[in-house]
Amino acid sequence: MNIYYVYGLIDPTSNMVFYVGKGKCNRMFSHVRAVKAGRVPNGNRHLFNKIQKLISAGVEPTYVLYGDQLTEDAAFSLEEFTI
């Protein structure tokens, strides 16, 4: 099933991508929601700290979509290539 996508989180203060992931549904937005709720997304303390720092500065990550409507294998490959 072609339900996966590959996305990046961008620091709007530098326009640099700081996280690349694979997901489906609303996965790309879950990291910010987790941080706002005080949870560490996927146990990734670095990601938590980065997002928390941005939120404390009054901004939130922006998003880029590298590919969508992918199989899981294709999404894994694109994620690895993008990283």
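Just so we're clear, the structure is a prediction, and the values are computed from it rather than from any experiment.
With sequence neighbours excluded, no residue satisfies salt bridge (charged side-chain N to carboxylate O under 4.0 Å, His left out) with Lys53.
Minimum heavy-atom separation, Tyr66 to Gly8: CE1-N, 3.7 Å. Among all heavy-atom pairs drawn from Pro12 and Pro61, the shortest one is CD-CA, 4.1 Å.
Enclosure of atom OH in Tyr63 by more than 12 non-hydrogen atoms of other residues, nucleotides or ligands within 6.0 angstrom is indicated. The local environment of NZ in Lys50 is crowded, with over 12 non-hydrogen atoms from other residues, nucleotides or ligands closer than 6.0 Å.
Val32 and Val64 are assigned to two separate hydrophobic clusters, defined by single-linkage of ILVMFWY side chains at heavy-atom distances under 4.5 Å. In the hydrophobic clustering of ILVMFWY residues, with side-chain heavy atoms under 4.5 Å counting as a link, Tyr7 and Phe18 come out together. Both Leu65 and Phe29 are assigned to one and the same hydrophobic cluster, defined by single-linkage of ILVMFWY side chains at heavy-atom distances under 4.5 Å. Linking Ile, Leu, Val, Met, Phe, Trp and Tyr whenever their side-chain heavy atoms come within less than 4.5 Å puts Ile51 and Val59 in one cluster. Hydrophobic clustering (side-chain heavy atoms under 4.5 Å, transitive across Ile, Leu, Val, Met, Phe, Trp, Tyr) groups Met28 together with Ile55.
Rounded to the nearest 0.5 Å, atoms NZ (Lys24) and CD1 (Ile3) are 4.0 Å apart.
Two residues are said to be in side-chain contact when any heavy atoms from C-beta on lie closer than 4.5 Å; Glu60 and Leu54 fail this criterion. Annotation: side chain of Ile10 is in contact with side chain of Val17 (closest heavy-atom distance under 4.5 Å). Inter-residue side-chain proximity for Leu47 and Leu9 is flagged as met; some heavy-atom pair is nearer than 4.5 Å.
Side chains of Ser30 and Arg27: a donor on one and an acceptor on the other come within 3.5 Å. Side-chain contact annotation: Thr71 with Asp73, donor-acceptor N/O pair under 3.5 Å absent.
By the 30° and 60° cut-offs, the orientation of the rings of His31 relative to Tyr19 is perpendicular.
A donor-acceptor pair is defined here as one N or O able to donate and one able to accept, closer than 3.5 Å; such a pair exists between the side chain of Tyr5 and the backbone of Cys25. At distances below 3.5 Å, not a single donor-acceptor pair connects side-chain atoms of Asn42 with backbone N or O atoms of Asn44.
Using a 4.0 Å cut-off between a side-chain N of Lys or Arg and a carboxylate O of Asp or Glu, Glu80 and Lys22 do not qualify as a salt bridge.
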Checklist line | From CA spacing to verdict: side-chain contact (heavy atoms from CB on, under 4.5 Å), Leu70, Asn2 | finding: CA-CA 4 Å; Leu70 302 170; Asn2 298 350; 5.9 Å; no

